[in-house]
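In the text below, chain A, chain B and the rest are named by the order of the sequence lines, each starting its count at 1.
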Number of protein chains: 2
Amino acid sequence: MSAVRLLDELSHAPQQSEWLDTILKGDCVAALDRLPEKSIDVIFADPPYNLQLDGDLHRPDQSKVDAVDDDWDQFESFEAYDAFTRAWLLAARRVLKPNGTIWVIGSYHNIFRVGAKMQDLGFWILNDVVWRKTNPMPNFRGRRFQNAHETMIWASRDQKGKGYTFNYEALKASNDDIQMRSDWLFPICTGGERLKNDNGDKLHPTQKPEALLARIMMASTKPGDVVLDPFFGSGTTGAVAKRLGRHFVGIEREQAYIDAANERIDAVRPFDEADLTVLTGKRAEPRVAFVSLIDTGLVTPGATLYDAKKRWAAKVRADGTVAIGDSAGSIHKIGAEVQGLDACNGWTFWHYERSGGLTPIDELRRIARLGMERAGG
Amino acid sequence: MSAVRLLDELSHAPQQSEWLDTILKGDCVAALDRLPEKSIDVIFADPPYNLQLDGDLHRPDQSKVDAVDDDWDQFESFEAYDAFTRAWLLAARRVLKPNGTIWVIGSYHNIFRVGAKMQDLGFWILNDVVWRKTNPMPNFRGRRFQNAHETMIWASRDQKGKGYTFNYEALKASNDDIQMRSDWLFPICTGGERLKNDNGDKLHPTQKPEALLARIMMASTKPGDVVLDPFFGSGTTGAVAKRLGRHFVGIEREQAYIDAANERIDAVRPFDEADLTVLTGKRAEPRVAFVSLIDTGLVTPGATLYDAKKRWAAKVRADGTVAIGDSAGSIHKIGAEVQGLDACNGWTFWHYERSGGLTPIDELRRIARLGMERAGG
DNA sequence: AATCACAATGAATCCAGGT
DNA sequence: AACCTGGATTCATTGTGAT
């Protein structure tokens, strides 16, 4: 059973039994300094992202986006954030075993600073891994690409960090016998897995999905290993560690999160040792964008598309739209427009000329899909 | 036709015609310093990667992997790489227009240092975009995840970099009418597209696929824009720019790459101008004042406007405002007020009665715009 | 009971042009 | 430069309540 350990209680050199599978309450660096050196196998860290938001953001339906504007994510400057990053990374490095590895997750707001600092401090990057979200929040104003991923850095303690754990064969076996790539596809944490407060609102603004942590632990830890999370939050790391037969240590400042995490972890039933096989992520149906036919040279800008009866002819443009006269838009929009319908499947409606006959462009999509399948959509 | 310009030839302040659509030979920073400030719309940069290879890498069959170990890719230390990065980023920033944007591509070896330096110098990150490779090189040793992606940083010159080009509507239309995400899927550059030297080996170690550059230019440039590539290499940026009706400027040190790139670009046939039209949305349409509908007689003072469900009725006044009871104001203000919202698009909220049904006044705006076009703006 | 319509929401550096 | 205002903009999933 997990319990809270106040730092003040640990006036002596702490024995492992006092902090293993517990949440240490307090500041991240201070708590790390109380742990013995070289005692941790793997660290998973989800530090503040240092988002710099300017005013409110509304959805097109005028509802307000619930932004991450908590105090813990506010920093005076890049310099202040760098100093914070350096401090916790140094403290984390001390407690890591020589053959240990560390995972840090972040977004473009902070991950470049974190990665550079990790290299400066002597960590040796093994991979950067991309978490592709199946259901990311849209870009509501239409001024940028939809921010659909986050980045994780996986690094060993030293360049000569030989002997770190990487369960290559198990990952490959769980991935249709293809070696695991550096881009992973998972949904964000919603529904029943998402912890709620008494109001029914999300308890923690940035709760990570358990599937993500499970992939990380199945890849880089062995059963019985100790996984440390210096920004424990809602305790996903602890819950997954317990379920997978790993030990955890959490560090967290806010009592409300500690209480919720303890309750959550207590409810977890570990898998039987024999069942600790790797969980596979969702495989998405590869969706093909019309523009990818242009990318791959299957369709050339300036080409003409026809409907099955050649009543209409549309011209393909370089931007991946099609045009008839003054009208331009997606294959679906223009297909609907010429027929006077609300909707149309452009893939089956439009055809291209081949050896005298007409073939639906859906056939080209099938060809394009063949090249995408291994990469998982 | 493209041509090589030696820096020595440019002893005077160079005219645009002297460097547009050419490759400048020489050191990246020195060449950038010869270009006029604020003259470039978009920069694409593929800087050296600072790969730290410890000895030769061998495939399982003992054949040697042709790794990136050219001497331009070796750096003494992180410090030297940071200084190099800072120098070329500063020089690049000077030539970028205030509303210009920059793309930088890299791997985990260098992208964190580059991204942190970009933030330090005042660039404002708009997105990080992941290039997922359909066919990445396997990890031969089985000690890490297959390195299946590279990272691109897209940034504006300043935080207040308003008005940068982003062809949102075109990208969405080309992507099954769903907004474009930050993770892109493309094959690596192989086959006929890959330039070879006389021995039949690859000419350049890191030639990027044209589809990747095409996506970048279709997203962030307009036809006629100037795209600069300070590490031109095999000239992918120039070839795609020419094909898409954009101008390019390349900077490259090695004559062999310059020769190959010039030959490659000369062979490119641009798409027809008509096929390069970029789909734009409402944002790009000229402003229409509601009062101009009254001026042109499309709306009469005293007319009544309704919301779609006829819960509210507003009266049009001669000055172009609408009124409900004591409240009067713009179509937007009154629309927001009756709904209790902060904002409202009056053009789509308010309707007028026509043959029994309700039609949005946006339809009248469309008609007004047609009249403006005929009158020549 | 099954289906459908609608609402809610997630780590967000999310406007442009004029006065 | 600061302020004001017109008006443009969303995808996947879950939960709820009506049909």
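We find that CG of A:Asn110 is positioned 10 Å from C1' of C:dA11, with the value rounded to whole Å. Nucleotide C:dG10 holds its C1' atom 12 Å from the CD atom of A:Gln207, rounded to whole Å. Nucleotide C:dA8 holds its P atom 16 Å from the CG atom of A:Asn199, rounded to whole Å. Atom CZ in A:Arg59 sits roughly 11 Å away from atom C1' in D:dC11 (whole-Å rounding). Atom CD in A:Gln74 sits about 17 Å away from atom P in C:dA11, given to the nearest Å. Regarding A:His149, its NE2 atom lies at a distance of 15 Å from the P atom of C:dA11, rounded to whole Å.
Here B:Cys344 lies in heavy-atom contact (under 4.0 Å) with a base. B:Ala343 comes within contact range of at least one nucleobase, with a heavy-atom separation under 4.0 Å. The residue A:Pro209 sits apart from the nucleic acid: no heavy atom pair falls under 4.0 Å. Note on A:Gly200: nothing from the nucleic acid sits closer than 4.0 angstrom, heavy atoms only. No contact: A:Trp131 has no heavy atom under 4.0 Å from any strand. Among the atoms of the strands shown, none is found under 4.0 Å from any heavy atom of B:Leu126. Note on A:Asp73: a base of the nucleic acid sits closer than 4.0 angstrom, heavy atoms only. In this structure, B:Glu285 reaches neither bases nor backbone, as no heavy-atom distance under 4.0 Å exists between it and the strands shown. Within 4.0 Å of B:Gln159, counting heavy atoms only, lies no atom of the nucleic acid at all.
Pairing for C:dA5 is with D:dT16, a Watson-Crick or G-U wobble pair whose two hydrogen-bonding atom distances lie under 3.5 Å. Pair assignment for C:dG18: D:dC3, on the basis of Watson-Crick or G-U wobble contacts that are both within less than 3.5 Å. Searching all strands for a Watson-Crick or G-U wobble partner of C:dG10 with both distances below 3.5 Å returns D:dC11.
In terms of phosphate contacts, A:Lys208 brings no side-chain nitrogen or oxygen within less than 4.0 Å of OP1 or OP2 of C:dA11. Residue B:Arg287 places no side-chain N or O under 4.0 Å from the OP1 or OP2 atom of C:dA16. Within the structure, a side-chain polar atom (N or O) of A:Lys202 is placed less than 4.0 Å from OP1 or OP2 of C:dG10. One finds no side-chain N or O of A:Ser107 lying less than 4.0 angstrom from the OP1 or OP2 phosphate oxygen of C:dA11. In this model, the phosphate group of D:dT10 is approached by a side-chain N or O of B:Tyr168 to a distance below 4.0 Å at OP1 or OP2. Neither OP1 nor OP2 of C:dA12 sits under 4.0 Å from any side-chain N or O of A:Asn147. Within the structure, every side-chain polar atom (N or O) of A:Arg144 is placed at least 4.0 Å from both OP1 and OP2 of D:dT10.
Not a single donor-acceptor contact under 3.5 angstrom links the side-chain atoms of A:Glu193 to the base of D:dT14. Contact annotation: side chain of B:Arg365 to base of D:dG7, donor-acceptor pair absent below 3.5 Å.
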Given A:Lys117 and A:Asp82, is the salt bridge (charged side-chain N to carboxylate O under 4.0 Å, His left out) satisfied, shown in steps?
-> CA-CA 8 Å; A:Lys117 191 62 76 181; A:Asp82 290 346; 5.3 Å; no

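Taking a cutoff of 4.0 Å between a charged side-chain nitrogen and a carboxylate oxygen, B:Asp342 and A:Lys64 do not qualify as a salt bridge.
Of all the heavy atoms in A:Ala92 and A:Ile43, the pair that sits closest is O-CD1, 3.4 Å. Here the closest heavy-atom approach between residue B:Pro360 and residue B:Thr348 is recorded as CB-O, 4.5 Å. Considering every non-hydrogen atom in both B:Arg113 and A:Ala116, the closest pair reads NH1-O, 3.5 Å.
When distances are taken from the side chain of B:Ile178 to each of C:dC14, D:dC11, C:dA16, the shortest belongs to D:dC11. Checked against D:dT13, D:dC11, C:dT9, the side chain of A:Pro138 finds its nearest nucleotide in D:dC11. Checked against D:dT10, C:dA12, C:dA11, the side chain of A:Asp46 finds its nearest nucleotide in C:dA11. Of all nucleotides listed (C:dA12, C:dA11, C:dC14), C:dA11 comes nearest to the side chain of A:Tyr49. Closest contact between the side chain of A:Gln62 and the listed nucleotides C:dG10, C:dA11, D:dA8 involves D:dA8. For A:Arg141, the side-chain atoms get nearest to D:dT9 when compared with the rest of D:dT9, D:dG6, C:dA12. Closest contact between the side chain of B:Ser330 and the listed nucleotides D:dG6, D:dA12, C:dC14 involves D:dG6.
Atom CD1 of B:Ile105 and atom CD1 of B:Ile153 lie 10.5 Å apart (nearest 0.5 Å).
Note on ring orientation: taking the six-membered ring where Trp is involved, the planes of A:Phe186 and A:Trp184 are perpendicular (angle over 60°, cut-offs 30° and 60°).
DNA chain C is contacted by both A:Leu53 and A:Asp201; A:Asp201 maps to the nucleotide lying nearer its 5′ end (nearest heavy atom per residue). Nearer the 5' end of DNA chain C, as judged by each residue's closest nucleotide, is the contact made by A:Phe78, out of B:Arg283 and A:Phe78.
Here the rule is ring pair (Phe, Tyr, Trp, His ring centres under 6.0 Å) with B:Trp103, and of B:Tyr164, B:Trp154, B:Phe123 only B:Trp154 fits it.
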